[in-house]
Structures are given as structure tokens and as C-alpha cells.
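Report on the following structure.
Every heavy atom of this structure was used, including side-chain atoms; hydrogens, water molecules and symmetry mates were not. In what follows, every chain begins at residue 1, and chains take the letters A, B, ... in the order their sequences are listed.
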Protein chains: 2
Amino acid sequence: MDFTKFAQGTFANLAEDKQQAIIRAALFEFASQGYQRASCNNVVKAAAISKGSLFQYFGSKEGLFLFVFGRFVGKVKAAVKEATARQEDFFALVQAILTAGLHFIKRYPQYFQMYLQVLFEQEVPRRRELLAEVRLFSSDYFGPICARAREQGVIRTDIGVEMVIFILDAAIDRFLQAYARPYLDAGLGLASLSEADLQDKVEELLVVLKNGLQPPGLYSGSRGKGQGARGER
Amino acid sequence: MDFTKFAQGTFANLAEDKQQAIIRAALFEFASQGYQRASCNNVVKAAAISKGSLFQYFGSKEGLFLFVFGRFVGKVKAAVKEATARQEDFFALVQAILTAGLHFIKRYPQYFQMYLQVLFEQEVPRRRELLAEVRLFSSDYFGPICARAREQGVIRTDIGVEMVIFILDAAIDRFLQAYARPYLDAGLGLASLSEADLQDKVEELLVVLKNGLQPPGLYSGSRGKGQGARGER
DNA sequence: CGTTAATATGACCACCTGGTCACATTATGG
DNA sequence: CCATAATGTGACCAGGTGGTCATATTAACG
């Protein structure tokens, strides 16, 4: 919860640049190694401080990690707040979040890499809690928004809200990951695109999310009943 | 490449049940810990063999891992071959693959967990190679299929093939992950669904993939150019 | 049986980890 | 100047890792 508990204490009294050096070293380590593989020895080496000091400042590896992740959470919240400030239209909001995500990755690539490590790693202290803090497309945050969009007739009513959130989450998460980790992107080549081309891809993605993969003419009825034909039941 | 190099050698001469015990122990370890965190000591303990034997059989931790992953690859290829045997329609094929994936997870949960570990972990021997071996929605495999579907007018032509593959990959991957790892599923609750309800969700997902999130009436034009009116409209 | 080859074993090795703590250094303030 | 408090330091610890190898056990064969 309170990731800023080191805001006062010995660490806070350090010169600004020394603090920055330590944060940078720790962030680099967690971003490149994840939590478990990250080595405090590497951090103290890179930050040019002694091991004893590091543990004096943060108490434990876990404390250091929570502190660094807390900084990330702060930056995310600020970015989201700004991006979603005045978006009325549902899909415009989705697009704004996606675009904000891309900008965030460009500005704070290391923080995002650290986030991905936490997302992919199993054994990370307070993992759920931490992820919940930055995950937008959760039922909590996005459920009401979807519900409202549904009432306004912007999204179809024959699929569940959970499915809407699920598909948005899957697409956007993957898109951001593909941007941040080129080898995940199966051929989109996002990482090497110009700003303008990237925006084109974003719009292309939104077209698919809105209208699907089938050509407009071929609308294949609502789900259930006859549609299946195949199995039994 | 050749993950079966232990098919002959000391290990192959072992009694069948002893082989199984070792495979089971190793699979459990890799599935629950990933590659790096997996401990050879744990494996020999669980398999009730000596450490020297394990290294005699497989040479190294990496050798053991590649062997076990090779078994997984074999099972996947068999499952895919069977599932895609005679699917003509494009979306029926997608659905068949998704359904086959769910069945695979149900039958071989540990193998799938191990796959996810490899997917999420960075430093795994021959990672790319291994993942490529089991990844279906790659440009290589799925590109031609999409191209054909496009010519037949089953999928729209105003979005790139890469984007089609991307979105299919994202949605299906995530769906399978949500099924295998409940905490990833933001509210769908796939893991606890009955077979029939699960199929319903599969169909629901396919409806979205085909027709998008917007109601049929609201088709919002092809991408690019004019679409941008974004502010108002 | 004896001899030789194959296999099984676990103590041992070098190395790394997060964390500690007695001690050295520096700051503070009177 | 001293005395006290705060901070910095790195040798050290217990516990883990993947991997080795001399030795013990078993199998094979004549």
C-alpha cells in the first residue's frame, strides 16, 4: 500500500543525484532481471554504494523493489489521469489509453520493462496488489464505463461486459507488449515504426475492435442457437 | 532441434516407470518454477534418484529441460494435427484451434504451465526456437491461411494480414492463459465453467472477433483519412 | 566363479545469493 | 576541542545453485 515509506529516513536525506543513481541502478536491475533474479550485489556495484547502505536505506530487497515500483505507479497514474481527462466517446477513450501507453513506454522504457517482468513473473512480493494498482482494464475501473457505453448503444448488447473488457485488455496489452518487446510482435514491426505509422496501426487496431475481422456485409447473426451447427448439445 | 537425443543412451534403458517418474518430477519442477528457478536438487529428490544419475542421463539442467520440452512439442503437434485435420472455413479453423487448446490444457495442465513459464521467462535456453515450435499464429503458419481467406472474401481487405494474425494471436493466447491461470482472467471465470458454458464463451469470443464490439448498425467506415473527425461527430 | 563394463551414488567444489554487524568514518552541536 | 549521534563499509554468514568424480554397486558374459 504505502510504497513511499522511504520518503523520509536515511535515504531521503541523501543528495538528489545519489538517490537518482541508486534508483537508476535498481530500476535497471529489476527491469532486466525481474525480481527474483535481480541481484542486490549488482545494484550496489552499479550505484557505487556499499551493501550495508542499501540495506540501511530499504531494509531488504523487497523494500527496494516496492520503492522502485511505487515510483512507477506514480508515473502511471499521472499519465493515465492526463490521457483520460476529457474523453467522452467510448472508443476514443480506449484509443487515448492505448496512445498514452505507447507514449509512456517511449518515455519510461525501463519502468515498463520492469512492469512486464512483474506481469510475467510468478513469485514477486505483493504481485497482485502491485498489478492491480496499474491495471486499467479491470472490471472495477472499466466495468462501469462499459456499462454506460452499452446503455448508450455504442457497444453491442449480445455479448457480456466481461467479454468486452477481456478483449480490450488482451488487444491493448499485447499491442503495448509488442511495442516494448519486438520479438513478441509477430510481424507488425511496431518498434521500428514512425510516430505517424504507429498511429495508423492504432487506428487499424481500433477498426478491428469496433467492426471485427469480417467484411461488413457478412454479419453472422447473434451468437448461440443455430450458429454452432458443429458439436452437439 | 533434435530434442530426442536422449532417446537412446542410459536414460532410454531405464525401466519405463522410472523414466516416467523422472519426467514427471522434472516437468513438475519446470512447470512450477520456470527454467531458471527450477532446481535439479528438487528433481532428483522427487524422482528418488541420485544427482549423479540425473547428470549422467541428461548431461546438464539444460539437457533435461530440452528433453522435457521436446515431449511437450510432440504432444502439441499431435493435438494440432488432429484438430485442424479437416477444417475448411476460416473462422471454424480458428475456433477449432482454440477449442483444441482448451482440451490440451485440460489434459496436460503441467505441460501448458511449463510452456507459459517459457513464454514469460526471458533467459531460457533456445527460447525463441522452442516457442516457434509450438506457436501457431505466426506469420509463417497462419499468413498463407489468412491470405486465402482474404481472397475468398471471408475477412476484410482494409486491414493488413499482420493485424489479423496479431489480433487472433492476442485473443486466443489470452483466452487460453485465462483458462489456465485464473488470476489472469479479469472476470470471465473460465476455469470454473462447465464444458458447455466454456464453449459458449468460445463462441462469444468468435462473434467479437468476426463482428467487433460495435452494434451492427454503427459501422464506422474504413480506416484512415476521414475517420479522424475524432473530436466531435 | 572371475573379469570387465555399465551404472548408481552422494560428498564435494566453486560460486552466488540476501542479509548482518562490528567497526570506521563523518556530521552535529555545544 | 570533545562527545555523541548518524551514516558508511565490506568481511562474513548460512543457505542455495549446477556440476563433478572417486568410489560402490550391479549387470553381462565366459
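- Using a 4.0 Å heavy-atom distance criterion, Ala48(B) is classed as making no nucleic acid contact.
- A straight line from CZ of Arg37(B) to P of dG18(C) spans 12 Å, rounded to a whole angstrom.
- With dG8(D), dA8(C), dT17(D) as the choices, the nucleotide that has an atom nearest any side-chain atom of Asn41(B) turns out to be dT17(D).
- Counting only heavy atoms from C-beta on, Ser39(A) has its side chain closest to dT17(C) among dT17(C), dG19(C), dG18(D).
- Between Phe90(A) and Phe142(A), the two ring planes are tilted [angle within 30° to 60°].
- Across the protein-nucleic acid pair, Leu64(A) atom CG and dG19(C) atom P stand 10 Å apart, rounded to whole Å.
- A salt bridge links Lys106(B) with Glu195(B); the closest basic N to acidic carboxylate O contact falls under 4.0 Å.
- No donor-acceptor contact under 3.5 angstrom links the side chains of Gln33(A) and Ser39(A), judged on distance only.
- Along DNA chain C, the nucleotide nearest Ser53(A) and the nucleotide nearest Tyr35(A) are compared for position; the residue whose nucleotide lies closer to the 5' end is Tyr35(A).
- To the nearest angstrom, P of dG8(D) lies 12 Å from CZ of Phe58(A).
- Proximity note for Lys51(A) (side chain, C-beta onward) versus dT7(C), dT20(C), dG8(D): the nearest is dT20(C).
- Here dG10(D) is the nucleotide among dG10(D), dG19(C), dG19(D) with the atom lying nearest to any side-chain atom of Ser50(A).
- Of the candidates dG18(D), dA8(C), dG19(C), the closest approach to any side-chain atom of Leu14(B) belongs to dA8(C).
- Proximity of a side-chain donor or acceptor of Lys77(B) to a complementary backbone N or O of Phe72(B) within less than 3.5 Å is not detected.
- For the pair Gln33(A) CD and dC16(C) C1', the interatomic distance rounds to 13 Å; values are reported in whole Å.
- Summarising the geometry, the separation between CD1 on Ile49(A) and P on dA24(C) is reported as 22 Å, rounded to the nearest angstrom.
- Neither OP1 nor OP2 of dT7(C) sits under 4.0 Å from any side-chain N or O of Tyr57(B).
- If you take CG of Asn13(A) and C1' of dA6(D), they are 10 Å apart, rounded to a whole angstrom.
- No side-chain N or O of His103(A) forms a donor-acceptor pair with one of Glu82(A) less than 3.5 Å apart.
- Separating the NZ atom of Lys18(B) from the C1' atom of dT26(D) is a distance of 11 Å, rounded to the nearest angstrom.
- Atom-to-atom, NZ of Lys45(A) to C1' of dG10(D) comes out at 13 Å; the value is rounded to the nearest Å.
- Each of dT7(D), dG18(D), dT9(D) was ranked by its minimum atom distance to the side chain of Cys40(B); first place goes to dG18(D).
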